[in-house]
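Bear in mind that the values here come from a model prediction, so they are computed numbers and not experimental data.
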Amino acid sequence: MMSQEDFDPSREGWEPFSEPGHIELTGPLWRKQEGDELLVALHVKDKHLNRNGVVHGGMLMTLLDHAMAMGSWAHNGQRRQATIQFETQFIGKAERDDFLVVRPQVMRRARSLVFMRAVGTVGERVVVSASGVWTIFPEEKS
């Protein structure tokens, strides 16, 4: 049996990704498409932990914010956007070598707003949930 430490997400169909800036510092993150659903994940390493040996709350919020933004972006025609509201509920803990999977979901789309929610799990265990609202920027005229 493979230990969590030896887990390789790419063998399970996950692909690593990063972006310049803050996400580059926190990742790599992982993504996977399951039907219409985009999943985003973090393979927890020491740099993600707080003094108590669990994933730092700020890291959890970063992960969920980014996952929901990716979900919103995919549903808004890949237009520029920004988070304008974000609420997080810390439910459990994630530790070193856990593979934390986030499932973002569009709840509602208005003309210039996208309402999102997401749940982060390790296996079947819920660790964190969040909801948020993204504003879609007006299209730039050439």
message = Determine whether Ser18 and Glu24 satisfy the following criterion, side-chain hydrogen bond (donor to acceptor under 3.5 Å, both in side chains), listing intermediate values before the conclusion.
response = CA-CA 5 Å; Ser18 188; Glu24 184 175 33; 5.2 Å; no

request  = Could you go through the side chain to side chain contact (heavy atoms under 4.5 Å, CB included) check for Val128 and Thr88 one step at a time?
outcome  = CA-CA 7 Å; Val128 62; Thr88 311; 3.6 Å; yes

inquiry  = Show, in sequence, the C-alpha distance, side-chain angles and deciding distance for Leu100 and Val127, and conclude whether the side chain to side chain contact (heavy atoms under 4.5 Å, CB included) test is met.
reply    = CA-CA 8 Å; Leu100 178 60; Val127 173; 4.1 Å; yes

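Under a 3.5 Å cut-off, the side chain of Gln81 and the backbone N or O of Ala69 do form a donor-acceptor pair. Lys47 places a side-chain N or O within 3.5 Å of a backbone atom of Leu25 that can act as its donor or acceptor partner.
Residues Glu37 and Arg103 are paired through a salt bridge, judged by an N-O separation under 4.0 Å between the basic side chain and the carboxylate.
The cationic group of Arg31 lies under 6.0 Å from the six-membered ring centre of Phe17 and within 45° of the ring axis, placing it in a cation-pi geometry.
The minimum heavy-atom distance between Val102 and Ala67, with the atom names listed, is CG1-CB, 3.5 Å. Residues Trp134 and Ser72 approach most closely at CB-OG, 3.7 Å, considering heavy atoms. The minimum heavy-atom distance between Leu49 and Glu95, with the atom names listed, is CD2-C, 4.3 Å. The heavy-atom pair separating Ala118 from Pro104 by the smallest distance is CB-CA, 3.9 Å. Val122 and Ala94 make their closest contact through CG2-CB, 4.2 Å (heavy atoms, listed as atom of the first residue, atom of the second, distance).
Residues Thr26 and Met59 meet the side-chain proximity criterion, which asks for heavy atoms closer than 4.5 Å. The shortest distance between side-chain heavy atoms of Ile23 and Thr62 falls below 4.5 Å. Within the 4.5 Å cutoff, the side chain of Phe7 has no heavy atoms near those of the Asp97 side chain. The side-chain heavy atoms of Leu63 and Val40, taken from C-beta on, include a pair separated by under 4.5 Å. Residues Arg96 and Asp46 are in side-chain contact: their nearest non-hydrogen atoms beyond the backbone lie under 4.5 Å apart. Residues Trp30 and Ser10 are in side-chain contact: their nearest non-hydrogen atoms beyond the backbone lie under 4.5 Å apart. Looking at Met116 and Phe86, their side chains never come closer than 4.5 Å, going by heavy atoms from C-beta outward.
Residue His56 holds its NE2 atom at 9.0 Å from CZ of Arg51, rounded to the nearest 0.5 Å. Interatomic distance, Leu38 CG to Gln105 CD, rounded to the nearest 0.5 Å: 12.5 Å.
Evaluation of the salt bridge (charged side-chain N to carboxylate O under 4.0 Å, His left out) test over residues 107-135, restricted to residues two or more places apart or in two chains, returns Asp98-Arg125.
In the hydrophobic clustering of this structure, Phe115 does not group with Leu64; members are Ile, Leu, Val, Met, Phe, Trp, Tyr whose side-chain heavy atoms approach within less than 4.5 Å, directly or through other members. A single hydrophobic cluster is not seen to contain both Val101 and Val54; linkage of ILVMFWY side chains at heavy-atom distances under 4.5 Å, directly or through other members, places them apart.
Dense packing is recorded around NZ of Lys32, with more than 12 heavy atoms of other residues, nucleotides or ligands lying under 6.0 Å away. Within a 6.0 Å sphere centred on CD of Glu139, heavy atoms belonging to other residues, nucleotides or ligands number 12 at most.
Checked options Met68, Glu87, Gln85; the residue passing with Val133 is Gln85 (criterion: side-chain contact (heavy atoms from CB on, under 4.5 Å)). Evaluated for a side-chain contact (heavy atoms from CB on, under 4.5 Å) with Asn76, the options Leu113, Val106, Ile136 yield exactly one hit, Ile136.
Trp73 is linked by a ring-ring contact (aromatic ring centres under 6.0 Å, His included) to nothing, counting only residues two or more places apart in sequence or in another chain.
Chaining together hydrophobic side chains whose heavy atoms lie under 4.5 Å apart places Val119 alongside Ile91, Val126.
If you look at Phe99 and Trp14, their ring centroids are closer than 6.0 Å.
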